[in-house]
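As a basis for the values below, the full set of heavy atoms in this structure was taken, side chains included, without hydrogen atoms, waters or symmetry mates. Convention: sequence-line order gives letters A, B, ...; per-chain numbering from 1.
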Amino acid sequence: MSLRVRFAPSPTGYLHIGAARSALFNWLYAQKTGGKFLLRIEDTDLQRSTEESTVSIIEGLKWLGLDFEEEMVFQSANAAKHRAAANKLVTEGKAYRDFTPKRERDDATVKQGVADRARAHAMEGVDARSNPYRDVSKDESDQRAAAGEPFAVRLKIPREGKTRFEDIVYGVQDRDYSEIEDLVLLRSDGHPLYNLSVVIDDIDMGITHVIRGQDHLTNTHKQILLYGALGAEVPRFAHLPLILAPNKGKLSKRKHGEVVSLTTYRDRGFIPAAFRNFLALLGWAPPDGKEILSVDELVEQFSLEAIHRSPAVFNFQENDPRHWTDEKALWMNAEYVRNMPVEELLPMVKAELRANKLWREEYDDNDRAWFVKTLDLIRQRYHTLKDFSEQGRAYFSDDFDFDEAAVNKNLRKDPRLRELLPALADRLEELETFTAETAEAALRKLAEESEVKAGLLINGSRTMLTGQAVGPSMFEVFDILGQKRSVERSRSGVPWF
RNA sequence: GGCGCAUUGGUGUAGUUGGUUAACACGCUGCCCUCUCAAGGCAGAGAUCACGGGUUCGAGCCCCGUAUGCGCUACCA
């Protein structure tokens, strides 16, 4: 059978960048090997799963360009099958009914509770095979079940032995059975549990390679036991190093908020290809060390063997808007904004402008040449798509804001500009052919005659015409804005008031 | 507590079977370019390769221990 991988997120919130990376690596591996990339929504936790989340996951994958094949699978739809499988294991004697009353756990303190219980068991010398219901006779078990007594179903793990598998990333992994409790397959309310569901679904979907986060590394042993009990072939595993927060702690949705959400990057103007490129470099590096890689190059160079084992720190500074996410991601995005083919950038800028009511249909036909030229000029110093509607607003609308600092620095500082700028407007208006060159000549001539430095007029114009202190070469800006707008804005005097 | 995994400049990563001054990218500093800001070019700061032992003529690479971090240890996923 050909190679099949899957991405199996649980729909309990937006798509986490760590999950997105798992999806990417699965997808890359499928492309690389000619295999299939499948999607399964693990919504067995009905309480926490939401439809919005499922939608956002699908949108996120689409945004990153990670198309999945075949029908997506909803794990909850297979619950009956999972239950049946567990019951079959009971009949075969590979699992047993546990009539121990369920002990409720407070969700907030589970981690601690689990650790405490484990510690207590270790101290009291309780072994993992001590469950009294392990060896209850089948008749008695059947009777109690028939009498309506509630029970959970647990897998019967042998007393002696160990599981072993070779992880493609982490190497050979051993675990003694004594370290694994008889795992619960079915809750007392009949609800199938995670480890059972993944294994059965992976078998059903014919998954040959399981590529997922390192947090599942030790779970894998339990799952291997399950594959054995179910008589199925064990797939290959590749676990991915985790992505950590700057303090090297867990990067969580709860603690770190939107910076871990993939949609944030879309909403803040990232280019999908750029973010995908950045994500690929977390825990993996191409053999030739080149970092800006197209999808095709990514696919071509990718290999599971080159993934390394230490966790990656996602470097950002909370409470600092300038460093709201990893600097390298920001740099990479700017790199894409600057260098990608304009035709590919254009639709993205169009969407951005449209969302801000700055888009005009002429940009698509009559003014297309102007639009492309403008993009090419201004994108050189932009970092995200947002910049086109914010910093770039003055190129697409006469209704733009003046930056206070810029006005102070480039206009108010020298009162002569109150006269010089309108004078410049006159000169520009007189030009018969209006280009960057003629505008420059006119400006320099005026500067010379007025005995001021050209820079004074140039910087003053920049703020007067674009509201900003920074931007492209001013003569190019005159050209882009055109004679009419250049003249009007130079003359307006708006920022003086 | 037990088990597992990890540990190369601030961050992401390279470092072939152990062999001269530990490489690249982001970020940072300075200079050049220049009408500003970027970009670009040049130069530079920053790592006793977590720590301690050991093996070896020689270790970031091998072995042991320690520390720290993370993960798992649930009738969560």
Side-chain angles (χ1 to χ4, degrees), chain A residues 8-10 12 42-45 47-49 75 98 100-105 107 110-111 113-123 128 150-154 170-171 173-176 178-181 183-189 191 193-195 197-198 213-222 239 241-242 244 246-250 278 281-287 289-292 308-316 323 326-332 334 338 380-383 406 409-410 440 443 453-463 468-475:
Chain A
S10 51
T12 55
E42 305 214 323
D43 54 349
T44 56
D45 185 338
Q47 308 297 322
R48 294 193 297 155
S49 298
Q75 191 159 65
D98 180 359
T100 312
K102 181 184 179 187
R103 93 130 69 125
E104 296 294 340
R105 283 182 195 283
D107 234 33
V110 263
K111 282 281 177 193
V114 167
D116 289 346
R117 193 179 74 114
R119 192 174 303 126
H121 279 194
M123 281 180 67
F151 60 87
V153 172
R154 306 186 91 116
Y170 285 90
Q173 303 290 315
D174 288 305
R175 198 167 186 83
D176 201 275
S178 65
E179 285 154 21
I180 308 173
E181 207 177 14
L183 66 143
V184 176
L185 268 21
L186 247 39
R187 262 200 236 157
S188 44
D189 63 4
H191 186 84
L193 256 24
Y194 173 73
N195 282 304
S197 301
V198 234
Q214 192 250 29
D215 47 346
H216 289 290
L217 188 61
T218 39
N219 278 331
T220 306
H221 291 96
K222 298 176 189 171
H239 286 87
L242 264 22
L244 270 26
N247 65 357
K248 302 201 195 299
K250 192 173 182 176
F278 171 75
L281 262 23
L282 253 27
W284 173 80
K290 198 182 136 200
E291 296 197 314
I292 301 288
H308 64 107
R309 303 176 183 183
S310 48
V313 172
F314 192 63
N315 195 26
F316 62 95
H323 306 277
D326 198 293
E327 300 250 19
K328 193 155 183 170
L330 253 11
W331 164 78
M332 192 165 281
R338 226 171 13 246
Q380 295 307 323
R381 56 213 79 206
Y382 288 172
H383 289 79
K409 179 175 173 236
N410 290 337
E440 172 164 15
L443 183 145
K453 284 186 176 171
L456 182 71
L457 290 179
I458 292 171
N459 291 321
S461 307
R462 172 150 35 236
T463 301
Q468 297 173 340
V470 302
S473 160
M474 198 52 211
F475 303 117

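- Of the candidates B/U36, B/C75, B/C35, B/U36 carries the atom nearest the A/Arg381 side chain, counting heavy atoms from C-beta on.
- Not one side-chain nitrogen or oxygen of A/Thr218 sits closer than 4.0 Å to the OP1 or OP2 atom of B/U73.
- Atom CG in A/Asp215 sits roughly 16 Å away from atom P in B/A74 (whole-Å rounding).
- Phosphate proximity of B/U73 to A/Lys222: present, with a side-chain N or O under 4.0 Å from OP1 or OP2.
- The A/Tyr170 side chain lies nearest to B/C5 when the options are B/A77, B/C5, B/U73.
- If you check every strand for non-hydrogen atoms under 4.0 Å, A/Asn219 touches a base.
- Distances were taken from every side-chain heavy atom of A/Val470 (C-beta onward) to each of B/C37, B/A74, B/A77; the shortest belongs to B/C37.
- The same atom, P, is picked in B/A59 and in B/G53; the two are 13 Å apart, to the nearest Å.
- Here B/U7 presents its C1' atom at 12 Å from NE2 of A/His308, a figure rounded to the nearest Å.
- Note on A/Phe475: a base of the nucleic acid sits closer than 4.0 angstrom, heavy atoms only.
- A/Ser197 comes within 4.0 angstrom of nothing in the nucleic acid, heavy atoms only.
- The separation between A/Asn195 atom CG and B/A77 atom C1' is 9 Å, rounded to whole Å.
- Here the side chain of A/Arg187 pairs no donor or acceptor atom with the backbone of A/Leu193 at under 3.5 angstrom.
- Here A/Ala469 lies in heavy-atom contact (under 4.0 Å) with a base.
- Here B/C76 is the nucleotide among B/C76, B/A74, B/C37 with the atom lying nearest to any side-chain atom of A/Arg187.
- The side chain of A/Arg175 places no N or O atom within less than 4.0 Å of a non-bridging phosphate oxygen (OP1 or OP2) of B/G4.
- Atom CG of A/Leu281 is separated from atom C1' of B/A14 by 12 Å (rounded to the nearest Å).
- Regarding A/Leu330, its CG atom lies at a distance of 14 Å from the C1' atom of B/A38, rounded to whole Å.
- The C1' atoms of B/A43 and B/C33 are separated by 15 Å, rounded to the nearest whole Å.
- Atom CE in A/Met474 sits roughly 14 Å away from atom P in B/U36 (whole-Å rounding).
- Listed nucleotides: B/C37, B/A77, B/G71. Nearest to the side chain of A/Lys250: B/G71.
- Distance A/Asp189 CG to B/C75 P: 13 Å, rounded to the nearest Å.
- Closest to the side chain of A/Asp45, out of B/A77, B/A6, B/A74, is B/A77.
- A/Pro472 comes within 4.0 angstrom of a base, heavy atoms only.
- Taking atom C1' on both nucleotides, B/A67 is separated from B/G44 by 35 Å, rounded to a whole Å.
- You'll find the side chain of A/Asp189 stays beyond 4.5 Å of the side chain of A/Pro150, heavy atoms only.
- The A/Leu242 side chain lies nearest to B/G71 when the options are B/G71, B/G4, B/A6.
- Across B/G60 and B/G19, the matching P atoms stand 9 Å from one another, rounded to whole Å.
- A/Gln468 comes within contact range of no nucleotide atom at all, as no heavy-atom separation falls under 4.0 Å.
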Check against side-chain contact (heavy atoms from CB on, under 4.5 Å), A/Arg309 and A/Gln214: CA-CA 9 Å; A/Arg309 303 176 183 183; A/Gln214 192 250 29; over 6 Å; no
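- Taking the P atoms as reference points, B/U20 lies 22 Å from B/U7, given to the whole Å.
- Of the candidate nucleotides B/C35, B/A6, B/C76, B/C35 has the atom nearest to the side chain of A/Arg462.
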A/Asp98/A/Val184 under side-chain contact (heavy atoms from CB on, under 4.5 Å): CA gap, chis, key distance, verdict: CA-CA 9 Å; A/Asp98 180 359; A/Val184 176; 5.9 Å; no
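- Using a cutoff of 4.0 Å between basic side-chain nitrogens and carboxylate oxygens, A/Lys328 and A/Asp326 are not scored as salt-bridged.
- Only the C1' atoms considered, B/C49 is 8 Å distant from B/A22, to the nearest whole Å.
- Across all strands shown, A/Ser188 has heavy atoms under 4.0 Å from base atoms, whether or not it also approaches the sugar-phosphate.
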Pairing annotation in dot-bracket form, given for RNA chain B with Watson-Crick or G-U pairs under 3.5 Å and | for cross-strand partners: (((((((..((((.....[...)))).(((((.......))))).....(((((..]....))))))))))))....
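- Residue A/Pro286 is out of contact with every strand shown, counting any heavy-atom pair closer than 4.0 Å.
- Nucleotides B/C63 and B/U56 are separated by 12 Å at their C1' atoms, to the nearest Å.
- Put simply, A/Arg48 has no side-chain N or O that comes within less than 4.0 Å of OP1 or OP2 on B/C76.
- Contact check, A/Arg338 against B/A39: no side-chain N or O comes under 4.0 Å of OP1 or OP2.
- Nucleic acid contact for A/Lys102: base, since at least one base atom lies under 4.0 Å from a heavy atom of the residue.
- Comparing the C1' positions of B/U13 and B/A47 gives a spacing of 14 Å, expressed to the nearest Å.
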side-chain contact (heavy atoms from CB on, under 4.5 Å) evaluation trace for A/Gln173 with A/Thr220: CA-CA 9 Å; A/Gln173 303 290 315; A/Thr220 306; over 6 Å; no
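- Taking every side-chain heavy atom of A/Tyr194 into account, B/A77 is the closest of B/A77, B/G12, B/G71.
- Remark: the A/Thr463 side chain and the A/Asn410 side chain contain an N/O donor-acceptor pair separated by less than 3.5 Å.
- A/Ser473 comes within contact range of at least one nucleobase, with a heavy-atom separation under 4.0 Å.
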Per-nucleotide protein contact string for nucleotides 61-66 of chain B (B base, S sugar-phosphate only, - none; heavy atom under 4.0 Å): ------
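- Rounded to an integer number of Å, the gap from A/Arg309 CZ to B/U13 P is 15 Å.
- Close to B/A77, at under 4.0 Å from its OP1 or OP2, lies a side-chain N or O of A/His191.
- In the set B/U36, B/G12, B/G4, B/G12 carries the atom at the smallest distance from any side-chain atom of A/Val313.
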Under 4.0 Å protein heavy-atom contacts per nucleotide of nucleotides 21-34 of chain B, with B for base, S for backbone only and - for none: ----BSS-------
